[in-house]
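Input: a single structure, listed below in structure tokens.
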Amino acid sequence: MPRLSEVIAALENLWPAERAESWDAVGTVVGEPDQEITRVLFAVDPVRETVDEAVKLDADLLVTHHPLYLRGTTTVAASTFKGRVVHTLIKNDIALHVAHTNADTADPGVSDALAGALDLRVVGPLVPDPSDPEGRRGLGRVCELDHPLTVRELAARAAERLPATAQGIRVAGDPDAPVRTVAVSGGSGDSLFDHVRAAGVDAFLTADLRHHPASEARAQSPLALLDAAHWATEWPWCELAAAQLDEISDRHGWDLRVHVSRTVTDPWTAHAASSTTTDTSGAPN
């Protein structure tokens, strides 16, 4: 069976740390390089629920998309919720490795997995990585549909194919407008509107769209916006990443048991729909 250092080397080959954004915090957070690895769990968030799942599964390695300490810390005291995560991992001999923006821009990466979940054909990156001579790596993906759908139909497909969350899919734009091309970006995507407009697509599916950027984007073009939950747009990457590690394990004869967490760690837990009304006189006083 492989050592942690061997598995990490394989993961770093998929998602090199040097391709992460300068502000990011990726790589191994917890773990002894010589510890043996037999079982791996992939998850979006390194939170108590997924760590408890790793303990129950008897996993030796937890790989997450989101960092545990993105902004740094001065303590790992168990009295803090992140410190408790660290203590639980160490006490149970579970390593933690993070692949964040280096997985976003990988080929294949987070947005490839999102496109695959929606049965979209990837044409190329939305924001190409200038260091990639083949033009395959980069942030987001520009995609095509096999046949046109309306915005309403595309939103319904996203709601059906992505993991269920309280938010569901929010839509901005004419629900009956035809869609032939789509830009997708897992996670927060409203910083990419200039690139989306330059791509000339009919719709943009991402997460965490804020009021002002979305309003301004709609004012500048007929671009339809589909806003899903952040966690839901990134979870498909866990399945992609697990499959990649499975293939590596088979190639090296490691016999790893690789799992994907299906624990919903999206922070929003309920949704109350607004009452339907024909009164268009304005918001209440």
Q: Considering non-hydrogen atoms only, spot the tightest contact between Gly109 and Leu240 and give its length.
A: O-CD2, 3.6 Å
Q: Could you note down all residue pairs passing ring-ring contact (aromatic ring centres under 6.0 Å, His included) where residues 111-165 supplies at least one of them, sequence neighbours left out?
A: none
**Q.** Atom of Thr233, atom of Ala228 and distance for their closest heavy-atom approach
**A.** CG2-CB, 3.6 Å
Q: Only counting residues at least two apart or in another chain, list the ones meeting salt bridge (Lys or Arg N to Asp or Glu O under 4.0 Å) with Arg257.
A: none
Q) Is Val260 reachable from Trp231 through a run of I, L, V, M, F, W or Y residues, each pair having side-chain heavy atoms under 4.5 Å apart? A) yes
Q) Between CG of Asp202 and CG of Leu223, what distance do you get to the nearest 0.5 Å? A) 8.5 Å
(Q) So, using side-chain hydrogen bond (donor to acceptor under 3.5 Å, both in side chains) as the criterion, who are the partners of Arg39 when residues are at least two apart? (A) His259
Q. Would you say the side chains of Thr263 and Glu49 form a donor-acceptor pair under 3.5 Å?
A. no
(Q) Trp15 vs Val26, test: side-chain contact (heavy atoms from CB on, under 4.5 Å). Steps then yes/no. (A) CA-CA 10 Å; Trp15 317 299; Val26 302; over 6 Å; no
Q) Does anything in residues 185-197 pair up under salt bridge (Lys or Arg N to Asp or Glu O under 4.0 Å), and if so which pairs, sequence neighbours excluded? A) Asp190-Arg210, Asp194-Arg197
Q | For the student: nearest non-hydrogen atoms of Ser188 and Thr206, plus distance | A | C-OG1, 4.0 Å
Q.
According to a hydrophobic-cluster definition based on side-chain heavy atoms being under 4.5 Å apart (Ile, Leu, Val, Met, Phe, Trp, Tyr only), do Val29 and Leu4 belong together?
A. no
Q. Which pairs with one or both residues in residues 194-223 pass ring-ring contact (aromatic ring centres under 6.0 Å, His included), sequence neighbours excluded?
A. Phe193-Phe204
(Q) Measuring from atom OG1 of Thr105 to atom CG of Asp132, what distance do you get when rounded to the nearest 0.5 angstrom? (A) 9.5 Å
Q: Give a yes or no on whether Val51 and Val76 share a hydrophobic cluster (residues Ile, Leu, Val, Met, Phe, Trp, Tyr; joining criterion: side-chain heavy atoms under 4.5 Å apart).
A: yes
Q. Taking atom NZ of Lys82 and atom NE2 of His87, what is their separation to the nearest 0.5 Å?
A. 14.5 Å
(Q) I'd like to know if the side chain of Ser111 and the backbone of Gly186 have a donor-acceptor N/O pair within less than 3.5 Å. (A) yes
Q.
With a 4.5 Å cut-off on side-chain heavy atoms, are Thr265 and Thr50 touching?
A. yes
**Q.** Check: Leu162 and Leu114 side chains under 4.5 Å, non-hydrogen atoms
**A.** yes
Q) About how many Å separate CG of Leu225 and CD1 of Ile169, when rounded to the nearest 0.5 Å? A) 12.5 Å
Q.
So Leu14 and Ile248, do their side chains get closer than 4.5 Å, heavy atoms only?
A. yes
Q. Does the side chain of Asp107 reach to within under 4.5 Å of the side chain of Asp129, using non-hydrogen atoms?
A. no
Q: Could you tell me whether the side chain of Asp227 and the main chain of Leu209 form a donor-acceptor pair under 3.5 Å?
A: yes
Q. Is the side chain of Ser249 donor-acceptor paired with the backbone N or O of Leu245 at a distance under 3.5 Å, no angle test?
A. no
**Q.** Criterion side-chain contact (heavy atoms from CB on, under 4.5 Å) on Val182 and Leu226, from CA distance to verdict
**A.** CA-CA 10 Å; Val182 186; Leu226 290 84; over 6 Å; no
Q) Do you know the tightest heavy-atom contact between Leu68 and Pro46? A) CD1-O, 3.6 Å
Q. So, for Gly138 and Pro125, which heavy atoms are closest and what is the spacing to 0.1 Å?
A. CA-CB, 4.0 Å
Q. With a 4.5 Å limit on heavy-atom distance, are the side chains of Ser131 and Arg137 in contact?
A. yes
Q: Scan residues 110-119 for pairs that pass salt bridge (Lys or Arg N to Asp or Glu O under 4.0 Å), counting only residues two or more places apart or in two chains.
A: Asp112-Arg141
Q: Apply side-chain contact (heavy atoms from CB on, under 4.5 Å) to the pair Leu11 and Val63, showing each step before the final yes or no.
A: CA-CA 10 Å; Leu11 298 182; Val63 181; 3.9 Å; yes
Q: Determine, using the 4.5 Å side-chain heavy-atom cutoff (strictly less than), whether Val44 and Leu118 are members of one ILVMFWY cluster.
A: no
Q) Quick one: salt bridge (Lys or Arg N to Asp or Glu O under 4.0 Å) partners of Glu239, sequence neighbours excluded? A) Arg262
Q) Which side chain to side chain donor-acceptor pair (under 3.5 Å) pairs, counting each pair once, include a residue from residues 16-36, with sequence neighbours left out? A) Asp24-His100, Asp24-Thr101, Thr28-His97
Q: Return each pair, listed once, that meets salt bridge (Lys or Arg N to Asp or Glu O under 4.0 Å) where at least one residue sits in residues 174-186; pairs must be two or more places apart or across chains.
A: Arg152-Asp176
Q. Could you give all pairs that pass the side chain to side chain donor-acceptor pair (under 3.5 Å) test and reach residues 60-78, with sequence neighbours left out?
A. Thr38-Asp60, Asp45-His66, His65-Asp104, His65-Glu234, His66-His230, His66-Glu234
Q: Please report the C-alpha distance between Ile94 and Val30 in whole Å, then the side-chain angles of each, then the deciding distance to 0.1 Å, and finally whether the side-chain contact (heavy atoms from CB on, under 4.5 Å) criterion is met.
A: CA-CA 8 Å; Ile94 302 172; Val30 171; over 6 Å; no
Q: First locate atom CZ of Arg3, then atom CD1 of Ile8, and finally report the distance between them rounded to the nearest 0.5 Å.
A: 14.5 Å
Q: Please name the pair of heavy atoms, one in Ala232 and one in Pro236, separated by the smallest distance, quoted to 0.1 Å.
A: O-CD, 3.2 Å
**Q.** Side-chain heavy atoms of Leu41 within contact of Leu61, under 4.5 Å
**A.** no
Q) For Asp266, what residues pass the salt bridge (Lys or Arg N to Asp or Glu O under 4.0 Å) criterion, not counting sequence neighbours? A) none
Q: Applying salt bridge (Lys or Arg N to Asp or Glu O under 4.0 Å), name anything that partners Asp246, two or more places apart in sequence or on another chain.
A: none
Q: Look at the side-chain heavy atoms of Ile, Leu, Val, Met, Phe, Trp and Tyr, link any pair under 4.5 Å apart, and say whether Leu57 and Val85 land in one connected group.
A: yes
Q. Do the side chains of Val179 and Glu153 get nearer than 4.5 Å, heavy atoms only?
A. no
